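Take a look at the structure below.
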2 protein chains.
Amino acid sequence: MGVLIRGANVKPSPHAFLGGPRSGLRMEAPLGIFGDRSGDDTAVLNAMGEARLFDRDQPLFAEGDAANAVYRVMDGLVRLYKLLPDGRRQIVGFLRAGDMMGLAAGERFVYTAEAVIPSTVRRIPRARVTALMDERPALARTLLAAMTAELLAAQEQMLLLGRKTAREKLATFLLANDERAQDAAGRIDLPMSRTDIADYLGLTTETVSREFTKLKTAHVIRLMEGGKVELVDRDTLSDLAECA
Amino acid sequence: MGVLIRGANVKPSPHAFLGGPRSGLRMEAPLGIFGDRSGDDTAVLNAMGEARLFDRDQPLFAEGDAANAVYRVMDGLVRLYKLLPDGRRQIVGFLRAGDMMGLAAGERFVYTAEAVIPSTVRRIPRARVTALMDERPALARTLLAAMTAELLAAQEQMLLLGRKTAREKLATFLLANDERAQDAAGRIDLPMSRTDIADYLGLTTETVSREFTKLKTAHVIRLMEGGKVELVDRDTLSDLAECA
DNA sequence: CTTACGGATTGCTCTGCATCAAGGCCGCCG
DNA sequence: CGGCGGCCTTGATGCAGAGCAATCCGTAAG
């Protein structure tokens, strides 16, 4: 499953829960509801496993593969998606540096993970995570809290997919990424293609492109080279997003 | 959060993972990946808390309420939903007897829970769940596995909401309920209104009604009184659902 | 510099589902 | 038993977004 965990090297977001769908677990465990003893559990996991570089569009694993490891993105961007038999695709999450996936899975993965851009990913055998949970019962709780965040994000995305208009979807997407993918200049880095964004938001490439253009024309955003986006008018964007 | 847990009194489904969106956790922990020591943890939780009867449309809790308890449905049907400011509604899950909710929540609930029909619900203070986890570390693992199932179901629902047609959505919905809501005669019990189904599938009441009619006319299903549905041709329904 | 290629943009048309608008059915209450 | 109100169904119409196709643009290769 699309479980990702943000590591200690990534600065915690002040709005962990308001950022919309992240499809990821945060190791900081922002929810204290299961007891606040997470401590350094995250650090232990972070150092485990072997890192490997994946090329553009190279799969980390595919739907149907045995789920015998969890993965942690050290650098780059990974997409998780499900396919219908006729090829329609739904991206259920994007993972950035520090995010983890594969924790929430059954015997086999029910979705595919691919590098969107060249990405470094650490692979940790599931057995080691299990063993670590035996040593430190608190880890299970940390993961529980993390999975909770994942679930909340998934439900937020259900609201988006089921009830929001194209414009609202894109506005929500931009604001969600505002929290997670800002560079030094405050711009958002969106290395994924329009098609990827479309498949994440339940739209087509053309519609995504048109809505980008409209936001640009309205001076709400500015499209920079390199796939970067500057949010000029966050308030308007917020209104367009209809909460979330 | 839409975390529900099916108790030991409900017969395990042979297709726990194929039934599509359930928005619920199963205490049987069908995934052995976190270690298979769940044992009787579920039974302990089942007996806890006080049961209470909720009338039709009566809220168990609302969006924004402090999330200081988890709830277990003993009998009836509960809907979980999120609202947009202008009133658009997305139902993120239906809970039946044995299902549990509220485990995956932050400080406050981010959705509302209401009884669809008169329902008996047990309320368990969160502190007791936490205490129980201290006693039995294995419980955290059981919940972890359960939450995993919830997450997989949520992602399946994302695929449905983002990429399936109205017909496919309804077919998927019927097959998912086939696993969970059969009565003695093999019919599906759907006590929720057309509006509820529409808000769950990201459609309108009218579209749901029209698709029901089409399936009926094609002799794929039969609509019985009392909101019951008989699946006459599961194969055709399966084709229409496009997997899931 | 020229060509080629893959993604992005834009225009035009089409359509699935939403929206608006009647009825129809049924259970409830006076 | 009759009227009322809620839900469901069905029909007519509209529209947001899909589908199709033609550039455009930026990058890489020659």
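The model shown is predicted, which means the values in this text are computed figures rather than measured ones. So that the names make sense, note that chain A is the first sequence line, chain B the second, and so on, each numbered from 1.
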### Task
Give the ring-plane orientation class for A:Phe109 versus A:Phe61, where under 30° counts as parallel, over 60° as perpendicular and anything between as tilted.
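If you compare the ring of A:Phe109 with that of A:Phe61, the planes turn out parallel.
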
Phosphate oxygens OP1/OP2 of [N]: is one of them under 4.0 Å from a side-chain N or O of [X]?
| X | N | answer |
| --- | --- | --- |
| A:Arg194 | C:dT9 | yes |
| A:Thr204 | D:dA18 | yes |
| A:Thr207 | D:dA18 | yes |
| A:Thr213 | C:dT10 | yes |

### Task
Would you verify whether the NZ or CZ of A:Arg52 falls within 45 degrees of the ring axis of A:Phe54 while also being under 6.0 Å from that six-membered ring's centre?
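So A:Arg52 does make the cation-pi contact.
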
Atom [atom1] of [X] and atom [atom2] of [N]: how far apart are they, to the nearest Å?
| X | N | atom1 | atom2 | value |
| --- | --- | --- | --- | --- |
| A:Leu160 | D:dG17 | CG | C1' | 15 Å |
| B:Lys216 | D:dC8 | NZ | C1' | 10 Å |
| A:Met192 | C:dA8 | CE | C1' | 16 Å |
| A:Glu211 | C:dA8 | CD | P | 16 Å |
| A:Arg88 | D:dA18 | CZ | C1' | 13 Å |
| B:Leu203 | D:dA16 | CG | P | 18 Å |
| B:Asp86 | C:dA18 | CG | P | 15 Å |
| B:Lys164 | C:dC17 | NZ | C1' | 18 Å |

### Query
DNA chain D: A:Val208 or B:Val208, which has the more 5' nearest nucleotide?
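Per heavy-atom nearest nucleotide, the more 5' residue is B:Val208.
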
### Message
Nearest heavy atom decides the nucleotide; on that basis, is A:Phe212 or B:Glu206 closer to the 5' end of DNA chain C?
### Response
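Nearer the 5' end of the strand: A:Phe212.
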
### Most 5' of A:Ser209 and A:Arg163 on DNA chain C, judged by nearest nucleotide
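Nearest nucleotide further toward 5': that of A:Ser209.
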
#### Entry: Any donor-acceptor N/O pair under 3.5 Å between D:dG11 base and B:Arg210 side chain
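Counting by modelled atom types and ignoring angles, a donor-acceptor contact under 3.5 Å is found here.
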
Report which part of the nucleic acid [X] touches: base, sugar-phosphate, or nothing (heavy-atom distance under 4.0 Å, all strands).
| X | value |
| --- | --- |
| B:Gly226 | nothing |
| A:Gly227 | nothing |
| A:Glu225 | nothing |
| A:Leu223 | sugar-phosphate |

### Query
Salt-bridged, A:Glu242 to A:Arg163, with N to O below 4.0 Å?
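Here A:Glu242 does not pair with A:Arg163 in a salt bridge, since their nearest N and O are not under 4.0 Å apart.
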
### Query
Side-chain contact, heavy-atom cut-off 4.5 Å: B:Thr213 with B:Arg210?
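B:Thr213 does not reach B:Arg210 side chain to side chain.
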
### Task
Would you mind telling me which of B:Arg72, B:Arg79, B:Arg180, B:Arg122 makes a salt bridge (charged side-chain N to carboxylate O under 4.0 Å, His left out) with B:Asp99?
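Single salt bridge (charged side-chain N to carboxylate O under 4.0 Å, His left out) partner of B:Asp99 among B:Arg72, B:Arg79, B:Arg180, B:Arg122: B:Arg180.
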
